[in-house]
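Take a look at the structure below.
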Amino acid sequence: MDAFYIILTGSLVAITCGLLGCFLVLRKMAMVGDAISHAVLPGIVIAFLISGSRDSVVMLLGAGAIGILTTVLIEFFQKKGSLQTDASIGVTFTWLFALGVILISVYANEVDLDQDCVLHGEIAYIPLDLWISDSGLILGPRVLYVSGTIFVIILAFIILGYKELYLTTFDPAFATAIGVSTVVWHYLLMAAVSLTTVASFESVGAILVVALMIAPPATAYLLTESFPRMLFITAIIGILVSILGYYLAAYLDGSIAGAMSTVAGVFFFLAFLFSPTEGILIKNNLRERIKTNA
Amino acid sequence: MEDLITFFSFQNPNIRYVAGGSVLLAISSALVGCFTFLKKKALVGDAVAHAVLPGICLSFLISGTKNPIYLIIGAFVTGWLSLVMIDFITRKSKIKEDTAIGLILSVFFGVGILLLTMIQHSGNAAQSGLDSFLFGKAAALVGQDLYIFSIISVCLLLGVILFYKEFALISFDEDFAKSIGFPVKRLELALTTLTVLAVVTGIQAVGVVLMAAMLITPAAAARFWTNKLSIMLVLAAVFGAFSGVSGAYISYVAPSMPTGPWIVMIISMIAIISFFVAPERGILYKLITQAKIKRRILIENILKLFYQLGELDKNFSAQRTIEQIQAKRPIKTASLLSGLNILSHQGFLKKQNNSWQLTDQGEKKGQRIVKLHRLWEVYLTKYLRIAPDHVHEDADNIEHILTPELESRLEALLQYPTSDPHESIIPYRNVIKS
Amino acid sequence: MIVNVEDPVLEIHDLTVTYSKKPVLWGVDLTLPKGSLVGVIGPNGAGKSTLIKAIMEIVPLSSGWVEILQKPIAEIRERVSYVPQKESVDWDFPASVRDVVVMGRYAELGLFKRPRKADYEAADYALEQVNMQQYANRQISQLSGGQQQRVFLARALAQNAEIYFMDEPFAGVDAATEKAIINILKAMSEEGKTVIVVHHDLQTVTQYFDWVVQLNTRLVASGPIEQAFTQELLQETYGGKLSILSEVGNLLKKQQFPTRDMT
């Protein structure tokens with residue numbers, strides 16, 4: 001049963017991150033996603049200190065706001081300081097992440113987070129942290145419900161905003177011309193990314209969030225040229241990554257998050273080599289065959 | 001206080017080693033980081049930093065020891081591999097560079113975490129301290145480790161000094177370097193190797209996760225202060241060294257604190273402060289410059305008004321009150337008063353009771369501005385074909401920026417026009433020789 | 001030579017655009033008549049693309065205003081269409097030809113609504129007009145330059161706007177496509193639609209357009225071809241920089257001077 005809860009939570013997190021990641025990858029904002037996932041840490045710690053617990057909605061929203069703040073800061077350094085983009089991202093998120101780790105260390109007694117844990121989460125423990133209702137009913141792991149709720153929210157966001165997100169990703173100039181605000185949708189997307197990061201921190205930690213936001217979408221990108229299919233493939237890969245990652249971690253006795261990243265990487269690698277349209281081995285093969293036929 | 005003195009007297013050899021080691025590590029990263037910064041490949045350093053983790057763990061697994069040489073080799077191999085793969089993926093598929101970087105970064109790191117946790121769970125006693133690679137532990141730098149890493153840092157420093165000119169050129173203009181016959185590929189190789197080495201040594205102090213900061217932030221901070229590469233390198237090294245020493249100090253007085261994050265905090269603060277106060281590029285500086293310009297525009301406008309009022313009355317030395325001035329151009333009273341006071345102070349106006357009058361200097365200056373305004377209007381209408389009723393606003397702005405040199409060129413180009421598009425006379429200082 | 005018209009479809013007043021405080025367009029004033037096929041020409045860096053982007057408010061204006069059909073653009077965006085340069089978009093994007101063309105219908109659809117059958121039919125009709133209907137399901141990464149341009153044009157046509165701005169639609173396009181496109185544009189102009197085209201090839205200006213705008217950081221000329229496309233004016237546009245103007249521009253940038261005196 002535990003395995004089921006873990007795999008289910010992992011899948012939900014993987015799908016949520018992956019769907020958002022499709023947009024990030026196509027917008028060439030993969031590293032901004034990476035930055036946000038690190039930068040929310042101080043927000044989480046502060047929210048924890050204020051609210052005293054991990055699961056208040058306030059914490060999620062407050063910490064999520066830090067994600068938007070991060071984007072604002074990055075842009076601030078870029079525009080007002082004329083600092084190049086890559087450095088703006090690098091300076092901002094390392095600073096904020098360092099701040100977060102220091103806060104954890106300083107408030108070690110009041111904050112139930114641990115330095116290493118923030119990197120890779122501890123999804124293996126989630127079945128132990130059960131949501132028990134007032135009447136004593138055990139409803140299952142708390143984190144599962146959090147992940148599930150975020151999944152629903154993000155899915156709704158993508159469905160409702162599908163064409164605006166699609167348009168502003170493909171052709172921002174045309175979008176502005178016809179009155180679709182690229183600025184608004186950019187910040188909405190960043191808000192979604194930070195909400196997801198914050199909510200997933202506990203289960204999978206910072207690094208895996210990034211891996212799940214980038215690797216499955218990159219893999220799907222190599223496998224299809226239809227955007228809806230890309231979203232679908234990303235979701236499927238997310239589920240597979242969760243299942244295989246769990247069993248790999250069990251076999252090797254290592255971190256589940258680490259195992260999931262590894263599996264995600266393997267999938268990408270396979271697609272990179274063997275994708276029917278984009279795989280380099282396939283493309284080379286085709287070239288050879290064309291040469292010999294000619 | 002006692003701790004501070006004890007630490008900085010450097011009498012304790014341990015402290016010497018730790019402080020010295022941290023400084024060396026920080027400096028070598030800062031220097032190499034300047035070049036990656038200039039090539040706009042700052043985030044690639046982040047990927048390399050994350051990618052060394054699996055190499056370290058694999059070395060441990062294979063050799064069974066924490067021998068620094070083996071760990072370095074392992075780190076180097078995976079660090080190098082990550083760079084190769086990023087480049088390969090970007091070139092050979094439709095995957096874009098930022099995605100390739102994020103992908104390699106997170107996957108390699110994930111593999112590293114998997115291996116690390118495997119090692120930790122295996123109960124092998126020798127593994128303790130391996131996780132210090134995550135966030136760094138300057139205080140753990142002792143004896144042989146320090147010796148080896150210091151040698152690498154010194155090699156790095158030498159490498160940068162030796163190849164300074166070449167690295168500078170390929171960072172700035174690769175095509176040009178190729179065209180004059182520089183072995184660009186091999187130089188890139190050298191720079192990449194140095195970057196990986198810098199990462200491998202730097203993570204001792206700050207750990208894998210924050211290593212990127214040691215490459216990027218000192219360079220970013222230094223960039224705000226100078227446009228010259230040599231100075232940028234020196235500044236970055238100084239900033240890096242400062243944060244390195246501070247980190248070592250913190251490691252000494254508060255052993256439970258994570259060193260890496262503190263070093264990053266300090267260097268980030270340096271960068272953020274630079275961002276605000278650096279001359280020319282700093283934000284505060286820009287704000288102050290803007291305020292100064294606005295002030296200059298205001299007082300020049302006031303002088304212009306005096307002159308224009310003088311033209312109307314045919315009397316340039318009349319006393320003017322605030323109300324009279326505001327009737328000609330609605331300037332807010334507070335700004336107007338402030339401007340009038342500045343002008344009196346500077347000697348362009350003379351105050352008497354509640355009215356002001358132009359001095360000789362004031363009249364000359366006011367006249368010049370009026371002249372520039374009208375000359376520019378002629379230029380706009382004649383050369384830019386802008387409608388006469390649209391040129392006033394532009395002239396209102398440009399009159400404040402025309403230099404005497406541009407003034408004479410305009411005069412010559414327009415052949416000393418006598419009036420502007422609105423039939424106002426253009427005042428010249430001397431009689432024009434025709 | 002600047003010809004102004006009554007009841008213009010597009011009116012630009014004192015338009016200045018700066019990049020990092022350096023003016024790239026300086027005090028442009030012009031009006032354009034409805035139903036004309038306008039060519040905007042000028043040397044590289046003259047600000048032609050910038051002019052279009054400023055009209056569409058894709059880049060901010062440092063001074064001046066623009067009115068289309070006597071209204072600010074924010075009020076009538078659905079009636080204005082834009083065909084950007086091909087290079088502005090990543091053609092590796094996962095999308096089919098039809099996906100891109102139906103985007104032209106988004107202007108009318110508004111938030112949260114999905115494209116309906118009528119929208120897809122409009123898209124298909126637009127594809128027929130540019131002779132790309134057989135490629136409707138093709139992935140855009142597989143298109144040639146000329147086909148890409150036709151897809152962009154179809155998107156604009158699907159919008160069924162009244163005024164169209166196109167940025168270098170003939171760049172990197174084969175002769176057959178160019179011919180096909182210009183015929184479509186002429187037909188549109190005859191229907192009373194206004195089409196404004198940033199153009200790079202001086203040889204074809206008189207064939208293609210009935211009105212020309214000559215730009216080189218400032219407006220040199222705007223008017224019917226016979227009046228505004230003369231040797232003398234061309235020389236002024238292409239003949240080299242106004243050195244005083246560009247020096248003043250550099251000064252403005254160097255000293256970070258504001259573009260307009262606000263005191």
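Within every chain, numbering begins at 1; the chains are lettered A, B, ... in the order of the sequence lines, protein sequences first and strands thereafter.
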**Residues from residues 262-273 of chain A approaching chain B under 4.5 Å (heavy atoms)** = A:T262, A:G265, A:F268, A:F272

**Prompt:** Which residues in residues 20-35 of chain A have a heavy atom less than 4.5 Å from any heavy atom of chain B?
**Reply:** A:V25, A:K28, A:M29, A:A30, A:M31, A:D34

What option among [options] has the most heavy-atom pairs under 4.5 Å with chain B?
options	result
A:A87, A:A249, A:S82	A:A87
A:I102, A:V210, A:V209, A:I214	A:I102
A:S275, A:A259, A:G90, A:G100	A:A259

**Asked** Hey, what's the ring geometry for B:F109 with B:H50, parallel, tilted or perpendicular (30° and 60° as the breaks)?
**Response**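 Rings of B:F109 and B:H50: perpendicular, over 60°.
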
**Message:** Between A:T85 and A:Q78, is there a side-chain donor-acceptor contact under 3.5 Å, judged purely by atom types and distance?
**Reply:** yes

**Request:** State plainly whether the residues B:K92 and A:E278 are in salt-bridge range, i.e. N to O under 4.0 Å.
**Result:** no

[X] versus chain B, heavy atoms under 4.5 Å apart: side chain, backbone, both or neither?
X	value
A:L248	side chain
A:Y251	neither
A:L252	both

So which of [options] has the biggest tally of heavy-atom pairs under 4.5 Å with chain A?
options	value
B:M265, B:M211, B:K40, B:E97	B:K40
B:A278, B:A254, B:S93, B:G110	B:G110
B:I101, B:V206, B:I283, B:I267	B:I283
B:V111, B:V44, B:L115, B:L215	B:V111

Under 4.5 Å between any side-chain heavy atoms of [X] and [Y], yes or no?
X	Y	result
B:I293	B:T289	yes
B:I216	A:T94	no
A:E225	A:T277	no
B:Y249	B:W262	no
B:I263	B:M214	yes
B:T217	B:F239	no
B:M232	B:N227	no
B:F60	B:I119	yes

**Message:** Set out, in order, the CA-CA distance, both residues' side-chain angles and the distance that settles side-chain hydrogen bond (donor to acceptor under 3.5 Å, both in side chains) for B:S274 and B:W225, then state yes or no.
**Reply:** CA-CA 7 Å; B:S274 304; B:W225 294 90; 2.9 Å; yes

Check each atom of [X] against the heavy atoms of chain A and say whether the ones under 4.5 Å are side chain, backbone, both or neither.
X	answer
B:L105	side chain
B:D46	side chain
B:I104	neither
B:F108	neither
B:K41	backbone
B:F37	both

**Request:** Among A:S261, A:S200, A:S37, A:C17, find the residue that satisfies the side chain to side chain contact (heavy atoms under 4.5 Å, CB included) test when tested with A:L212.
**Result:**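 Option passing the side chain to side chain contact (heavy atoms under 4.5 Å, CB included) with A:L212: A:C17.
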
**Message:** Ignoring hydrogens, what is the shortest heavy-atom contact between B:A47 and B:I86? Give both atom names and the distance.
**Reply:**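 Smallest heavy-atom distance, with atoms named: CB-CD1, 3.8 Å.
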
**Asked** Got more than 12 heavy atoms from elsewhere within 6.0 Å of CD, B:E280?
**Response** no

**Item:** Interatomic spacing from CD1 in A:I280 to CD1 in B:I89 - rounded to 0.5 Å
**Value:**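 A:I280 atom CD1 to B:I89 atom CD1 measures 9.0 Å (nearest 0.5 Å).
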
**Request:** Please lay out, stage by stage, how A:T234 and A:Y221 fare under the test side chain to side chain contact (heavy atoms under 4.5 Å, CB included).
**Result:** CA-CA 9 Å; A:T234 302; A:Y221 184 52; over 6 Å; no

